Number of protein chains: 4
Amino acid sequence: MDAHAPTSRARLTEAAARLFQVKGYHGTSVAEVLAEAGLPKGSLYHHFPQGKADLARAAAALASDMMRDIVGAAFEPAESPGHGVARLCEKFARLFERQPHWRACPVQALLDGPLDRMSAEAHLQAWLAATAAHLDRLGDPAPDARARRLWTLLIGAWTMARAADDPGALRAVPAMMESADA
Amino acid sequence: MDAHAPTSRARLTEAAARLFQVKGYHGTSVAEVLAEAGLPKGSLYHHFPQGKADLARAAAALASDMMRDIVGAAFEPAESPGHGVARLCEKFARLFERQPHWRACPVQALLDGPLDRMSAEAHLQAWLAATAAHLDRLGDPAPDARARRLWTLLIGAWTMARAADDPGALRAVPAMMESADA
Amino acid sequence: MDAHAPTSRARLTEAAARLFQVKGYHGTSVAEVLAEAGLPKGSLYHHFPQGKADLARAAAALASDMMRDIVGAAFEPAESPGHGVARLCEKFARLFERQPHWRACPVQALLDGPLDRMSAEAHLQAWLAATAAHLDRLGDPAPDARARRLWTLLIGAWTMARAADDPGALRAVPAMMESADA
Amino acid sequence: MDAHAPTSRARLTEAAARLFQVKGYHGTSVAEVLAEAGLPKGSLYHHFPQGKADLARAAAALASDMMRDIVGAAFEPAESPGHGVARLCEKFARLFERQPHWRACPVQALLDGPLDRMSAEAHLQAWLAATAAHLDRLGDPAPDARARRLWTLLIGAWTMARAADDPGALRAVPAMMESADA
DNA sequence: CATGAATGAGGCTTCATTCAT
DNA sequence: TATGAATGAAGCCTCATTCAT
């Protein structure tokens, strides 16, 4: 009702998205999600009748929407495909540095837990499609292949960044996009 | 003791490596590991006094050794860096197709569970170093950068292959290594 | 208020009577009752301030009234005690066949849940008394004993019918009433 | 191992049989069963991997065996069918008086909870068969019909005894067996 | 009067681990 | 050494009920 205070459902979804991303679906208890959201025990099943699995689906949808927004915010002011790629990688590097739950690759969260593979792939394809659309708009001659290449590198780099506890791998992605020797 | 029949400890480690890779550390119960290994309930703590965490460390070490062997087997008969890369990607694609637990990216398993980040990175660095050594031997002018690029792409491609339920992404990696436009 | 459309209270009572009879008081949740009645979550406590226990009392009263009506409908057109008994047993057999919730013996429902034993016995005595009155009117020489005998057999036969998934036991009651050898 | 101290499994089964008979399957919590058996929380699933439903099956089997023993003990010393019937009813009346959990009709317990109908009927048929065998041995001319009649009356009488809080109904069964006018 | 949201106690079950044999 | 039994904390979920609107 109140547009300013987030609803209980939204708080649960946000808390779940954060926790599942860092600790995984099985590594996160619903009690933790409720505590993170600041809600009492019984309030989960009112908003998510299917329980934890429902929560995972909502969290994945939220993460997917956020990712689409981040891609949009990175590419919209860009003046060239390369500029957009650089902006996106830098955004991810800063998220990695500043927000603990962004240290885990958001794509991995889609593949853990009860989200069926088809839904996970649909989310991933949405990100690829959004990226390709921006690349196309900016004049990239092969937007689909470039988007796929970019995301392949991003996922791998994110995993390496996490293992190294350093966002350097994410910042190295633009150079890897430009040349075969980087 | 018997060098031909796998010992109980080895069977536990192998079962754990398989299960942790697919379902994650928190998604796998010790009961499942014991069932997969075909061993009785009480036998875990004889071989792994620290319990599940011990098992995770042993499983990671086993997976790491296997990966080093796979890299070696791919690069040793290779006649050029590109040939080695192609052989490695094809090996991974076939593992993905033929063995269910290889559908999950083996690097991800290092980042779940109680393995400390330093150990996970050490395993990953070992794979990078082994790959770089082979590339160097085969005459690659920038073996470290190429190894890093290869593994970044492999990790990303593996994740995409899993989401798509198709090893095509892994087979596309060699082309991505060669040119900035692939 | 509307005499033609059943009120919310009546729909709740009927739903509860049906469900408690089949699944028992503890086996039925208030959410199920509300769903069966097609009413929203919050509406129970407007009609039954004491909640589930209140509902159980109303359901028992409703079942008791229905039973008295069934006994009346069976015996009123009867031309002899035996005819009335036969009609009553046949009615029960048909209810058993046609309405799922009549597969469970209605007397059992009185003994589960928060209905105090005195109330349960009062309902049962009312059925016995109604039956005895009809038998007396039809000229039975020992109406009380015959009513008691009839209901003892009916309760047992109903239980057997349910276990056998066959109303035959109910249809066998009239013969058991007539002779010691049936 | 020790033949004198009942095993944990036996204590659980006995506790469950008692509690399910009085309070019903849904009205009894596993915590209550464990408390009644004097065992800690985790010990149920070691002996009954399927949990509460398994416990219900074991409890029904135990109750069924006990009933067969009671029937045997009543009829073996009997000198005639009528004598056996009288002894059985008196035994049940005394159980009703002396042991709280025998106030509930043991047949009803078979029809509550997860025991499938076929199993419930099998138990009931076993009691009928045991009773008929004894009646036959004692010279009853129609043992099957008489056994069926006896159990129909017993089940009904037990229910009435419970409602009345008085075992009189059970003690009235022999007379009902003998004559159509009782 | 009517209702969706909220609430926390308690339900059943699984867990990793320890113990007695 | 090897193992089935034991253990209780913690897991997810359902429950009957109350409340704010």
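Everything numeric in this text was worked out from a predicted model, so none of it was measured.
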Starting from [atom2] on [N], measure out to [atom1] on [X] and report it in whole angstrom.
X	N	atom1	atom2	answer
C:Arg9	E:dA2	CZ	P	13 Å
A:Leu39	E:dT7	CG	P	7 Å
C:Phe48	E:dT3	CZ	P	15 Å
B:Asp54	E:dA16	CG	C1'	13 Å

Does any non-hydrogen side-chain atom of [Y] lie less than 4.5 Å from one of [X]?
X	Y	result
B:Asp165	B:Arg103	yes
A:Leu110	A:Glu121	no
D:Glu14	D:Leu62	yes
C:Gln50	C:Arg57	yes
A:Phe20	A:His101	no

Short side-chain N/O contact to F:dT1 OP1/OP2 from B:His46, under 4.0 Å: no
message: Under a 3.5 Å cut-off for both contacts, is E:dA20 paired Watson-Crick or G-U wobble with anything, and if yes, with which nucleotide?
response: F:dT3
field: Strand partner of F:dC12, provided both Watson-Crick or wobble distances fall under 3.5 Å
entry: E:dG11
message: Please compare B:Ser43 and D:His47 by the position of their nearest nucleotide in DNA chain F and report the one closer to 5'.
response: B:Ser43
field: Base-contact (B) and sugar-phosphate-only (S) positions in nucleotides 13-18 of chain F, heavy-atom cut-off under 4.0 Å, - elsewhere
entry: BBSSBB
query: With the threshold set at 4.0 Å, does a side-chain nitrogen-carboxylate oxygen contact exist between D:Lys23 and C:Asp112?
result: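 Salt bridge absent between D:Lys23 and C:Asp112.
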- request: Pick base, sugar-phosphate or nothing for A:Ser8, based on heavy-atom distances below 4.0 Å to the nucleic acid.
  value: sugar-phosphate
